[in-house]
Amino acid sequence: MKRIIMLLTATLFGVTLFGCNTKNDKELIAQAKQAYLDTYIKNNRKDATIDDVWLFDHFGIYNDSLVGVFLDRKNCYFSEVEHTINIGGLNFVYSEGYDIIVYNPGTFFTLAEAYNKDIISFENLNQIYKVYCK
């Protein structure tokens, strides 16, 4: 019983921290998906729709910026190549095509760019790293 309570508490705590709990969070996600569609997908497929945008991983919202991995549902097959990037002393290892990107309303950045431009802080980066490594 104690395990169930701890699991339920951890789940609720995780949803509170990293979930999409507010209207503003949901609006930012919708805005980011539309921007991803317009910026990346429609360049290759003019008939693409918002349903083609997949927020594959959502690492949270920090300083009004959404951090995650976005994919095109109809074009998400990549070669099996592993990349490692060191940002702020933290090693992020990811597969080809699964880059962590940051949507700061109106603009997309790589995780490294967002960190170097102070869009996300080291504390934010550390939180993202902890979620990413789970």
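Positions are given from 1 along the sequence.
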Interatomic distance, CG@D38 vs NZ@K33, rounded to 0.5 Å, equals 13.5 Å
Check the side chains of N104 and D64 for a donor-acceptor pair under 3.5 angstrom, ignoring hydrogens and angles.
-> no
Item to check | Short N-O contact, K42 and D47, less than 4.0 angstrom | outcome: no
Fill in: Heavy-atom donor-acceptor pair, E113 side chain to T110 backbone, under 3.5 Å
yes
Scanning both residues in full, the closest heavy-atom pair of F70 with A32 reads CZ-CB, 3.8 Å
Rounding to 0.5 Å, atoms CD1 (I101) and CZ (F108) come to a distance of 5.0 Å
request  = Before giving the answer on side-chain contact (heavy atoms from CB on, under 4.5 Å), spell out for V67 and I61 the whole-Å C-alpha distance, their side-chain angles and the decisive distance to 0.1 Å.
outcome  = CA-CA 6 Å; V67 180; I61 296 173; over 6 Å; no
* Assess whether side-chain contact (heavy atoms from CB on, under 4.5 Å) is satisfied between K74 and R45, documenting all intermediate values. => CA-CA 10 Å; K74 294 184 180 173; R45 289 188 299 109; 3.5 Å; yes
Scanning both residues in full, the closest heavy-atom pair of G97 with L71 reads O-CD2, 3.5 Å
Inset, instruction - Compare all side-chain heavy atoms of S95 with those of V81 and state whether any distance is below 4.5 angstrom. - result: no
A112 and I87 have their tightest heavy-atom pair at N-CD1, 3.7 Å
Exercise for review: Evaluate the ring planes of F56 and W54, with Trp represented by its six-membered ring, and classify them as parallel (under 30°), tilted (30 to 60°) or perpendicular (over 60°).
Suggested key: perpendicular
- Message: Between D52 and R73, does any NZ, NE, NH1 or NH2 come within less than 4.0 Å of an OD or OE carboxylate oxygen?
- Response: no
For this session: List the steps, then state whether ring pair (Phe, Tyr, Trp, His ring centres under 6.0 Å) holds for Y103 with F109.
Result: CA-CA 6 Å; Y103 176 73; F109 298 95; 9.3 Å; no
**OP:** Verify side-chain contact (heavy atoms from CB on, under 4.5 Å) between N91 and I85, making sure each step is shown before the conclusion.
**Re:** CA-CA 6 Å; N91 285 326; I85 185 167; over 6 Å; no
d(K46 NZ, I41 CD1) to nearest 0.5 Å is 12.5 Å
dist N63:CG -> E123:CD (nearest 0.5 Å) comes out at 9.5 Å
Between V102 and L111 the two heavy atoms that sit nearest each other are CG2-CD1, 4.0 Å
d(S121 OG, Q127 CD) to nearest 0.5 Å is 7.0 Å
Residues D99 and V69: closest non-hydrogen pair is O-CG2, 3.7 Å
Would one find more than 12 heavy atoms of other residues, nucleotides or ligands at under 6.0 Å from atom CG of N116?
-> yes
Rounding to 0.5 Å, atoms CG (L90) and CG (L125) come to a distance of 5.0 Å
**Asked** Under 4.5 Å between any side-chain heavy atoms of H58 and V131, yes or no?
**Response** no
Per ring pair (Phe, Tyr, Trp, His ring centres under 6.0 Å), H83 is matched among Y94, F92, Y98 by Y94
